[in-house]
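A quick write-up on the structure given underneath.
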Amino acid sequence: MGEGVIQRDYEGELNAEQYAAVTAPRGPALVLAGAGSGKTRTLTYRVAWLRDQGVPHWKILLLTFTNKAAREMLERVKNLSGDDFPAEWGGTFHSIGARVLRRFGASVGLKSGFTIMDESDAESLFAEVAKKVDRDFFRKKDNPKPSVLQDWLSYARNTKRTIADVVEERHPDPGHLVSLLTDVAEAYRKKKLESQVADYDDLLTLWLEVLEKDDIARRLYQRQFEHILVDEYQDTNAIQSAIVDLIASEHQVMAVGDDAQCIYTWRGAEFDNILHFPDRHPGTRIYRILSNYRSTQPILNFANDVLAAQALAGVGYEKKLTAVRKGSLKPRVVQCADTVAQARFVVERIAGLYNSGTSLGEIAVLYRAHFQALDLQLELSRQRIPFTITSGVRFFEQAHIRDIVAMLRILANPDDEPAFLRLCELLPKIGPKTAAKLHAAARGQLREVEIKAQASAEPSLFDLPAPKAATPTAPLPAHIAEVLEDSAFLEKVPEAARESWRDMALTLHQALGAFRQNPDKPAKVVQILAGGWYYDYLATAHDRPENRRDDLDALAEFAGRFDTMSEMLAQLVLLSSEGAEKGAEDAARDKIRLSTIHQAKGLEFPTVFLIGASEGCLPLQRAIDAGDVDEERRLFYVAVTRAEDELYITHPSMQIQKNGSVFPLSPSRFILEIDPANYESARPRRSW
């Protein structure tokens with residue numbers, strides 16, 4: 001028994017499912033812990049039980065995904081047993097990897113005093129190396145920026161895929177990009193070793209390399225760790241899984257997770273890791289912990305139907321959650337006319353809950369993508385209902401939305417200097433000082449145009465006939481957007497930015513034409529701005545730009561609700577002002593939580609609204625087109641299992657397209673898979 005360890009009544013303090021997992025005999029074990037079943041409790045009691053059995057702390061390796069989870073577990077272990085479990089072998093994969101590299105990094109070229117770069121330093125070093133490999137490449141506007149290439153390389157490393165595979169998946173014309181990124185990756189690797197620095201990915205990839213190359217290190221850790229506990233195993237990537245498999249050669253590993261909550265494959269999580277764990281670890285015992293302490297049975301009946309549909313699709317392990325808590329209120333599936341009606345319903349229902357004594361802080365609204373909450377954010381702002389967004393910013397505070405709004409402001413007000421400067425700095429080789437000079441030059445040239453226009457409009461002192469050969473004077477530019485295209489002005493733009501500047505100016509000019517022709521159709525203007533130069537800019541500036549383009553489509557749809565540009569911009573100013581006061585608002589504790597489903601994983605709320613549950617929204621149309629909706633179904637499951645007492649699922653029945661047409665929407669296939677006896681169908685009404 002470990003020194004200072006307190007004996008506990010494990011059988012009395014745990015339910016039968018938890019107790020079986022906590023006291024599992026030596027050997028490989030897979031613990032399938034359903035949503036709300038006490039996964040963390042099971043893990044911490046497992047550590048305490050091992051210590052109670054006399055296992056030294058240094059023979060236990062506890063791997064988590066976040067520092068917060070690691071701290072929470074170690075603190076619980078201490079409170080449970082009075083045993084201060086050291087953090088040296090209990091922490092995130094990356095923190096343990098850093099510890100291993102301090103000791104055995106020499107086998108991969110690292111000295112013990114190497115430096116771990118933060119994200120900013122790693123980005124700067126990668127960009128520096130990339131430009132040395134091919135500076136001309138990054139001067140071309142259609143080529144991805146270094147940050148995008150770095151994202152591709154990171155994904156390839158964490159998934160153990162080739163650079164060619166990832167580039168071909170991410171770019172429509174991979175061509176020379178494969179050889180370029182291969183060369184940059186090698187130069188980046190050499191530069192890091194030369195500087196004795198490591199980036200975040202190195203802490204995993206080099207840890208695995210140490211285990212593969214260094215026989216002494218591998219045998220040491222295989223013998224040292226008699227018990228390896230892995231939290232959230234469904235989120236492991238190929239590198240993490242390989243590390244665990246190598247250390248656990250004697251099959252003393254316990255993996256804890258839930259395949260139904262694997263929702264991060266887009267960032268490298270490998271669903272097959274948990275699915276095929278028993279294949280890689282012969283003799284694996286499977287423990288199911290399905291007693292749910294979070295939700296009522298009606299909510300779990302709904303969730304179980306989601307899992308049943310998953311099982312019918314031949315994906316994942318079968319499981320059925322059972323509620324410990326009492327409750328009889330069925331989930332309500334609410335059909336709304338459109339996203340505006342959906343927002344009104346949610347706000348009206350929130351008002352009803354609040355008036356009945358529910359705290360706003362007990363309510364969460366979940367959605368698949370941020371743009372789906374646009375109308376809700378607007379309605380909450382109008383009704384002055386405080387809300388916060390989990391790990392995100394309000395719709396109109398997002399950088400790409402602000403970029404488009406800046407262009408709109410320039411069209412409406414050529415003197416808008418802050419908007420002009422913002423756009424300038426999006427282009428290569430243009431910083432604040434150069435942007436200010438370009439603005440001064442553009443204003444000066446526009447002023448010259450205005451003076452000439454005024455002079456031509458004044459009556460002449462001499463009534464002389466015009467020369468016979470004279471031709472009608474061409475209309476003079478009267479807007480800064482036209483000045484920006486002038487060849488004389490383009491000479492003032494840094495050469496590296498000139499091509500991109502010309503494209504930006506052309507887009508602004510086209511939008512100006514649409515604005516002048518139809519000032520009462522701001523949606524058309526937004527479409528032009530979002531679909532021209534800026535559309536291409538997103539592809540080079542961001543990995544996976546499709547999410548931002550969805551937001552821009554939502555902005556165009558939003559613009560279609562206004563009769564004039566000035567009316568829309570006035571509304572945007574009001575919304576931005578409300579956003580600027582967010583700091584004071586966030587000081588208030590009682591506020592609605594808005595969150596994507598991804599960001600809500602691990603959280604729970606008495607009342608949950610899942611909005612946008614229409615086909616094409618959840619699942620997303622991109623997933624449908626790709627024939628891959630399994631993860632979308634798991635997202636749906638994660639969303640509904642966040643609810644403790646009340647669950648509302650809304651689905652708009654039509655969508656107004658950015659061109660003004662109406663597109664019908666059907667309920668999500670995930671709703672149609674549910675037994676109608678397990679929910680109540682409803683339409684919005686004032687009597688909620």
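Not measured: the values here are computed from a predicted model.
Residues meeting the salt bridge (Lys or Arg N to Asp or Glu O under 4.0 Å) test with R422, sequence neighbours left out: D403. Looking at residues two or more places apart in sequence or on another chain, you find a side chain to side chain contact (heavy atoms under 4.5 Å, CB included) between A530 and I404, L552. With sequence neighbours excluded, no residue forms a side chain to side chain donor-acceptor pair (under 3.5 Å) with Y317. In terms of the salt bridge (Lys or Arg N to Asp or Glu O under 4.0 Å) criterion, E425 has no residue partners (sequence neighbours excluded). With sequence neighbours excluded, the residues that form a salt bridge (Lys or Arg N to Asp or Glu O under 4.0 Å) with D416 are R409. Annotation: side chain to side chain donor-acceptor pair (under 3.5 Å) contacts of E673 (sequence neighbours excluded): R633. Taking S595 as the reference, nothing meets the side chain to side chain donor-acceptor pair (under 3.5 Å) condition, with sequence neighbours excluded. Looking at residues two or more places apart in sequence or on another chain, you find no side chain to side chain donor-acceptor pair (under 3.5 Å) involving H651. For E632, the salt bridge (Lys or Arg N to Asp or Glu O under 4.0 Å) criterion is met by R368, not counting sequence neighbours. With sequence neighbours excluded, the residues that form a side chain to side chain contact (heavy atoms under 4.5 Å, CB included) with S653 are Q335. Partners of R325 by side chain to side chain contact (heavy atoms under 4.5 Å, CB included), not counting sequence neighbours, listed by chain and number: T296, E644, D645.
Results of the side-chain contact (heavy atoms from CB on, under 4.5 Å) test with F609 over L366, L647, I363 single out I363 as the only residue that passes. Partner of D258 under the salt bridge (Lys or Arg N to Asp or Glu O under 4.0 Å) criterion, chosen from R634, R288, K319: K319.
Of the possible donor and acceptor atoms, none in the side chain of R384 sits under 3.5 Å from a partner among the backbone N and O of L380. No donor-acceptor pair closer than 3.5 Å links the side chain of W533 to the backbone N or O of W501. Side-chain N or O atoms of E631 include one that pairs as donor or acceptor with a backbone N or O of T265 at under 3.5 Å.
Note that CG of L538 and CG of D551 are 10.0 Å apart. Values are rounded to the nearest 0.5 Å. Of the inter-residue distances, the one linking E362 atom CD with I592 atom CD1 reads 10.0 Å to the nearest 0.5 angstrom. Atom-to-atom distance recorded for L300:CG and N292:CG is 4.5 Å, nearest 0.5 angstrom. Annotation: the span from L353 atom CG to L360 atom CG amounts to 9.5 Å, rounded to 0.5 Å.
Applying the ring-ring contact (aromatic ring centres under 6.0 Å, His included) test to pairs two or more places apart or on separate chains, none has a residue in residues 322-341.
For the pair R549 and Y535, the distance from NZ or CZ to the six-membered ring centre is under 6.0 Å and the angle to the ring normal is within 45 degrees.
Note on ring orientation: taking the six-membered ring where Trp is involved, the planes of F670 and F636 are tilted (angle from 30° to 60°). Using bins of under 30°, 30° to 60° and over 60° for the plane-to-plane angle, the ring pair Y264/H598 lands in the tilted bin.
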Pair E232-Q234, side-chain hydrogen bond (donor to acceptor under 3.5 Å, both in side chains): steps then yes or no = CA-CA 5 Å; E232 302 287 9; Q234 77 280 349; 2.6 Å; yes

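Between L529 and Y534 there is no side-chain heavy-atom pair separated by less than 4.5 Å.
One finds a salt bridge joining R294 and E604 here, because a Lys/Arg side-chain nitrogen approaches an Asp/Glu carboxylate oxygen to under 4.0 Å.
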